[in-house]
Structure formats: structure tokens, C-alpha cells
S.K.: 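Quick one: structure below, then a few questions.
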Amino acid sequence: MTRRSSHPKLVVANWKMGLSVHESTQLAKKLKSSHVLPPDCELVLCPTFSSLSAVAEAKPSKVGLGSQDVFWERHGAFTGEVSVDDLIELGCRYVILGHSERRRLLGETDEMVRRKVFTVMARGLTPIICVGETAEQRRRGLAHHAVARQLQAALKNVPPPRHGQTVIVAYEPVWAISPGGPATPTDARDMAGVVHQGLVDHFGQRLTERQTRVLYGGSVSAETVADFVDGEHLHGVLVGAQSQHYVSLAALLRALSER
Ligand code: PGA
């Protein structure tokens, strides 16, 4: 499996529920005024739903916008949910799906993730599908199986990406998400191979090479980021804690650009 990517290195900033609307806007403004984005990196900001519109206004135009979730139905009596059409109207091009915090805390199932992937792709957006084993699954030697199964479930009956559309899969071992510690780069690359194979099995070799990207997520920092992006197995990172402050995010982007 060799595919050194010609794409820029991708950093997806998952701001989780860590920043207020005001803080999110200030950080997006600071990213704009400081011209911090290196030319060989791509950055996508994923603020809370409530901050999307303010961040869309404040961010640099070259920086992408993503949401942290979506509902699978497009319209109707679904109190509290957010539709993909609203995300599009607010300028989102990316949607994080199946994050382990949602699976664990909100009971999100593989089937729910699959329906969301379907909806997001049908509307032409880029899904960022999160998969990853628990500490227990790793301890019992079931990590590969767990990740392969999660990916298979998320893509079941999902049609191929359209021309120009990308499917992103983020390998995020549950135990590595902060305050845990990062996986080893070797483990991350090894699992990227499992993800790559799952994508080939579903979409075929050609589409996988051209229209999919694999990220690593879990306690990524400026110190470690360069070890997790090789352009071959891993094309970028999904970053939580270290993306929520200007200083650590800027340091991370610099470190990635210099690798
Ligand atoms: P972390 O979060 O970088 O804070 O570990 C990553 C994620 O959960 O997406």
C-alpha cells in the first residue's frame, strides 16, 4: 500500500464544546489576522453548532468549516436536531460523524452513523467518519477487528463519492483521546492500513486512492503531529484540545508544515 498524497496535509480542529461563541469567533479572527496557515496545510474548523455562523464570518476564507454532527433526516418533526441543509446554508463543507464521545455519551449506534454518512454524502459534503477501538478491545487483541467492523458498518450500502467529493476517515483510538496519551505512530500507521483496506473493499482501489483520506486523532500536539502525517498512510490529523488555543494550534500548524 503506497500512496504518497499530493494533497496538502489536513488539520481538522474539533473544538468540541470547549469554546463559547465569543471565544470561537475570537480564535477564528486571530487565525485570519495572523496569516498562520502554511501553504502546504489545509485547516478545517469545527466549532459548536451555535458558533458556526459567527466562525464562518470571522475565519480566513481559505480555512474550511465543518460541524461536529448532523441529523440524518433532511426536514421534519425532530426537536433539537440540525439538518444538513442548514449546515450547507451556514457554509459547512465537512461533517464529523460517529465521534466516540457521541457513541459513548449519547448512545450513537453504527446504524445512526451510517444514516448520517448517507445523508451527508447525498448532499455533496465531506464526511469525517470517526472509528477507533476502546482500551479493552486493544487489550484483548480485537483492535483491528473493531475498527474494520465500525468502518464497514458506517459505509454499508453507501454509494461511491461523486466526482470531486472526498470521504475522510479519522482513526481515533478511544483511549488516546485527551486526557489519554497518543497512540504510537507505528500503531497509527498500522491501523491506517486497516482503514485503507476497508475503503478499498467498499469503494475499490481507484476511488480510494483518489477520493479518500485517512487521519489520525487522539492527543495530537505540536510535538507529535509530524510523526502522524506521512502523506502515504496518514494524510492529516483530527485535533481536539490542542486546537482550541491560538498558541498551540499555530505551533501545531508550523510543526506540520516543517516536517
Ligand atoms: P484530543 O481530541 O486531540 O483532545 O485528544 C481529539 C478528538 O477527540 O477528536
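Whatever order the structure lists them in is the order used to number ligands and atoms, beginning at 1.
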S.K.: Treating H233 as the side-chain partner and H196 as the backbone partner, does any N or O pair qualify as donor plus acceptor under 3.5 Å?
M.R.: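 Checked: no pair found.
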S.K.: In a check of side-chain hydrogen bond (donor to acceptor under 3.5 Å, both in side chains) between D110 and each of K156, Q150, R115, R103, which one passes?
M.R.: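 Looking at K156, Q150, R115, R103, the match for D110 under the side-chain hydrogen bond (donor to acceptor under 3.5 Å, both in side chains) is R103.
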S.K.: If you look at each N/O of ligand 1, which protein N/O atoms lie under 3.5 Å away, and at what distance?
M.R.:
unit_1	atom_1	unit_2	atom_2	d
ligand 1	2 (O)	K16	NZ	3.2
ligand 1	2 (O)	G240	N	3.4
ligand 1	3 (O)	G240	N	2.8
ligand 1	4 (O)	S178	OG	2.3
ligand 1	4 (O)	A241	N	2.8
ligand 1	5 (O)	S178	N	2.7
ligand 1	5 (O)	S178	OG	3.0
ligand 1	5 (O)	S219	N	2.8
ligand 1	8 (O)	K16	NZ	2.7
ligand 1	8 (O)	H99	NE2	2.7
ligand 1	9 (O)	N14	ND2	3.3
ligand 1	9 (O)	H99	NE2	3.1
ligand 1	9 (O)	E172	OE1	3.2
ligand 1	9 (O)	E172	OE2	2.7

S.K.: In this structure, which one of R213, K62, K9 forms a salt bridge (Lys or Arg N to Asp or Glu O under 4.0 Å) with E42?
M.R.: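 It is R213, the one option of R213, K62, K9 that forms the salt bridge (Lys or Arg N to Asp or Glu O under 4.0 Å) with E42.
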S.K.: Can any side-chain N or O of R114 pair as donor or acceptor with the backbone N or O of A153 at less than 3.5 Å?
M.R.: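 It does not hold such a pair.
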S.K.: Got a donor-acceptor contact below 3.5 angstrom from the T212 side chain to the V167 backbone?
M.R.: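 No, T212 side chain to V167 backbone: no donor-acceptor pair under 3.5 Å.
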S.K.: Can you find a side-chain donor-acceptor pair between E136 and T134 that sits under 3.5 Å?
M.R.: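 No, because no side-chain N or O of E136 sits under 3.5 Å from a partner of the opposite role on T134.
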